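A short write-up of the structure that comes next.
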Amino acid sequence: MRIKWFSLIRITGLLLVLLYHFFQTIFPGGFFGVDVFFTFSGFLITSLLLEEYGQKGQIDLLGFFRRRFYRIFPPVVLMILVVMPFTFLVRQDYVAGIGSQIAGVLGFMTNFYEMLTGGSYESQFIPHLFVHNWSLAVEVHYYILWGLAVWLMSKQSKTGGQLRGMVFLLSSTTFVVSFLSMFIGSFIVSSYSTVYFSSLTHVYPFFLGSILATLIGVRQTTPLLKRLNQTLDLKQTLLVFSAGLGVLLLLTFFVKFNYLFAYLLGFLLASLAALLMIVAARLLHEKTPTIEEPKVISFLADTSYAVYLFHWPFYIIFTQLMGNLPAAILTTVLSYLFATLSFYVIEPLIAGKTTGLLQKAKEIPHIKTIFASSSGILTLITLIVMIIAPQVGAFETDLTVNGLKQAQTNLTRTKTVADQTEASRYNIADGVSIIGDSVTLRATPGLQEVLPDAQTDGQVSRNTKQANAIMLNNSQNKALPKIVVIATGVNNPEDYKADIDSLVTNLPKGHQLVLVTPYEGDTSQETQPYVEQYASYAREVAQKYPYIVIADWNQVSKDHPDIWKGTDQVHFGNDNTKLEAGVKLYAETIASAIKALADKPVKTK
């Protein structure tokens, strides 16, 4: 028996995730859609296990795992096989280490793989094509461990009510442990991605769903559900559903991935909102006996899992080839095309079931040969991609090499600065210190060529607060030369005013400051408006203080769009020619600003 209107919950979860990935600046909290899926899965799986015990007096554990396998595994394999040919459209950086990614996906360990490799939806320069499978890994971990736990409890239970009580207690205990792990962990970890990806910290929405399953059930209605059905009329039930949806929308519009609130209460609120929608949807099934669920809603719900699988790698690939909106549209079309093939043809074929579309597919001449040949070709292509793919992308290799060169050069620079005689009454040595982020690190060869005596310190993901701390530390150690160049602003630019003001305040007397304006060319990124505001405010500050000049990388970047083609719009150069051009422009922009300081005073107060 299909419960009507549960489809709306699946659709809501998928829609939030798609909006987050496609239009992050407008829907920064769409990642909460995953927690809607988690909560609903916990509710549904636990309800079905309890009802199986109520009907048969036992739980078929192998049957449970078999059903989960048929539902989960075929779409995953299809997704990998279909995506691989598309990777030839983008540079090899996007398939670097793809073999390890695929192993993580097929082993349902993507979340741990991403934790070990520093993966994130929001901060990777070259996003992993299968990073979104982290949620599937958490889900499978829950299915395996929870299926075993409920099966073991069923062996100890004498009645359905006793099993329901044991499930409620264990669900409640596990929920508390997992929730507190995320709550406390969010204060400790250096990156929120750690607690976001972890099975321990992010599994508690499943157990909230499990708790609800013991209270209302799915097919076998409980006394509580009957009382609610008698208490709430249709209008009130719709209001409950709307309240849950309203909470999710508020979170979607106003909570961002890097907000501490998301990890303290945001995911909990999203899960509680999902619980309200589940209860309301279950009541609506009872209150609308003469209304059929529209087929389009059933279709969108049935294909939601496979669409989730396909959309991310397609979107990453297509955004390298076209604008964001066309990429989102093409991603959606192809995702639903392959999701339909998966749900209505391949999955029932493997599970030994049938659908109307599968029956029609079987009537196609030589369909078995076509299917076998297509599978073989796609498998071969996947193996070829895995074999020829580099273990580390060219981009990451450049950063590593440049970092080593930078460290070696800076050892010499530091000694030179320490050995120099007093350059002024402030006892400051002449020279240049460039403190920057990964863009600076990428441009290290050009900076060393144009400014051979400069001390360059670039590091991946460095923000302005960290650059400020480095400047102060170098000053205290008498290793800060006269000219300080701060080249940050793309990472965590939201507090740009406070960060820049702090730089100006903390700049020691006797020094001059170069502020490099940051550039973020991808307007779909939520940080892009802040980067522009950062650049604008930096220009204002330079007008105010005579010892500060601007290296306007933001404007130079806009004047040279050719260096950004096929990139993430932060790190220039998708080939050697464009890379060399970007490096040269970046270095010359900073060198020109330093030259402009020749007639400027130093900070005196």
Side-chain angles (χ1 to χ4, degrees), residues 2-24 26-47 71-72 75-76 79 111 121 131-140 142-143 196-197 202-210 212-213 218 240-253 255 257 262 266-282 284 293 296-312 315 328 331-332 335-336 339 342-343:
R2 186 184 184 106
I3 304 298
K4 296 178 295 186
W5 317 122
F6 275 170
S7 297
L8 296 176
I9 299 166
R10 289 192 177 99
I11 293 170
T12 299
L14 177 63
L15 181 61
L16 294 182
V17 172
L18 293 180
L19 290 174
Y20 169 62
H21 287 159
F22 294 164
F23 310 106
Q24 193 180 111
I26 304 174
F27 305 98
F31 56 87
F32 287 112
V34 171
D35 294 84
V36 175
F37 280 125
F38 282 179
T39 308
F40 184 70
S41 292
F43 165 76
L44 197 60
I45 291 302
T46 305
S47 296
R71 183 70 184 96
I72 292 171
V76 170
M79 180 263 297
N111 61 331
Y121 282 123
V131 62
H132 64 309
N133 283 271
W134 76 269
S135 62
L136 181 60
V138 176
E139 193 157 352
V140 170
Y142 166 79
Y143 288 155
Y196 183 71
F197 286 137
H202 211 149
V203 78
Y204 71 80
F206 288 98
F207 290 102
L208 277 177
S210 297
L212 182 63
V218 175
V240 172
F241 189 93
S242 300
L245 181 59
V247 170
L248 287 173
L249 291 177
L250 286 173
L251 293 171
T252 298
F253 281 110
V255 179
F257 186 85
F267 295 116
L268 176 63
L269 289 175
S271 298
L272 292 174
L275 293 182
L276 287 179
M277 295 172 69
I278 292 169
V279 173
R282 184 62 187 84
L284 286 173
E293 184 177 86
V296 65
I297 290 180
S298 300
F299 166 76
L300 293 174
D302 290 341
T303 56
S304 60
Y305 165 57
V307 169
Y308 175 83
L309 289 179
F310 279 102
H311 88 279
W312 176 256
Y315 179 66
T331 294
T332 303
S335 295
Y336 271 103
S342 176
F343 185 81

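Side chains included, hydrogens not; waters and symmetry mates left out as well; all remaining heavy atoms used. Predicted model only: the values in this text are computed from it and were never measured.
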* Asked: How about His202 and Phe197: are their ring centres within less than 6.0 Å of each other?
  -> no
* Leu136 vs Leu309, side-chain contact (heavy atoms from CB on, under 4.5 Å): CA-CA, chis, key distance, verdict -> CA-CA 9 Å; Leu136 181 60; Leu309 289 179; 4.3 Å; yes
* **Rounded distance (nearest 0.5 Å) linking atom CG of Asp302 with atom CZ of Arg2** => 4.5 Å
* **Separation of Leu245 CG from Phe241 CZ (nearest 0.5 Å)** => 6.0 Å
* Asked: Under the criterion ring-ring contact (aromatic ring centres under 6.0 Å, His included), which of Tyr20, Phe257, Phe267, Phe27 is the partner of Phe32?
  -> Phe267
* Are Val240 and Val279 close enough, and set up right, to give a side-chain contact (heavy atoms from CB on, under 4.5 Å), and what steps lead you there? -> CA-CA 8 Å; Val240 172; Val279 173; 5.5 Å; no
* **Partner set under side-chain hydrogen bond (donor to acceptor under 3.5 Å, both in side chains) for Ser342, not counting sequence neighbours** => Glu347
* Determine whether Arg10 and Leu44 make a side-chain contact, defined as any pair of heavy atoms from C-beta on separated by less than 4.5 Å. => yes
* N/O donor-acceptor pair under 3.5 Å between Ser135 side chain and His132 backbone -> yes
* To do: Measure the spacing between OG1 of Thr252 and CG of Leu19 and express it to the nearest 0.5 Å.
  => 8.0 Å
* So, does Ser335 use its side chain to make a donor-acceptor pair with the main chain of Thr332 at under 3.5 Å? -> no
* CA sep, side-chain torsions, deciding dist, call: Thr46, Phe207, side-chain contact (heavy atoms from CB on, under 4.5 Å) -> CA-CA 9 Å; Thr46 305; Phe207 290 102; over 6 Å; no
* For residues Phe343 and Tyr305, establish whether the separation of their ring centroids is below 6.0 Å. => no
* Pairwise side-chain contact, Glu139 with Ile72, heavy-atom cut-off 4.5 Å (strictly under) -> no
* Option from Tyr142, Phe37, Phe43 for which ring-ring contact (aromatic ring centres under 6.0 Å, His included) with Phe206 holds -> Tyr142
* Atom CG of Leu284 and atom CD1 of Ile3: how far apart are they, to the nearest 0.5 Å? -> 12.0 Å
* Are the aromatic ring centres of Tyr204 and Phe38 under 6.0 angstrom apart? -> no
* Asked: When rounded to the nearest 0.5 angstrom, what is the spacing between CZ in Phe310 and OG1 in Thr331?
  -> 12.5 Å
* Asked: Do the non-hydrogen side-chain atoms of Leu208 and Leu268 ever get within less than 4.5 Å of each other?
  -> yes
* Asked: Does any non-hydrogen side-chain atom of Met277 lie less than 4.5 Å from one of Val36?
  -> no
* Asked: Between Phe40 and Phe6, what is the ring plane arrangement, given parallel below 30°, perpendicular above 60°, and tilted in between?
  -> perpendicular
* To do: Report the distance from atom OH of Tyr308 to atom NE2 of His21, rounding to the nearest 0.5 Å.
  => 6.5 Å
* Looking at side-chain heavy atoms only, is the closest gap between Val247 and Leu272 below 4.5 Å? -> no
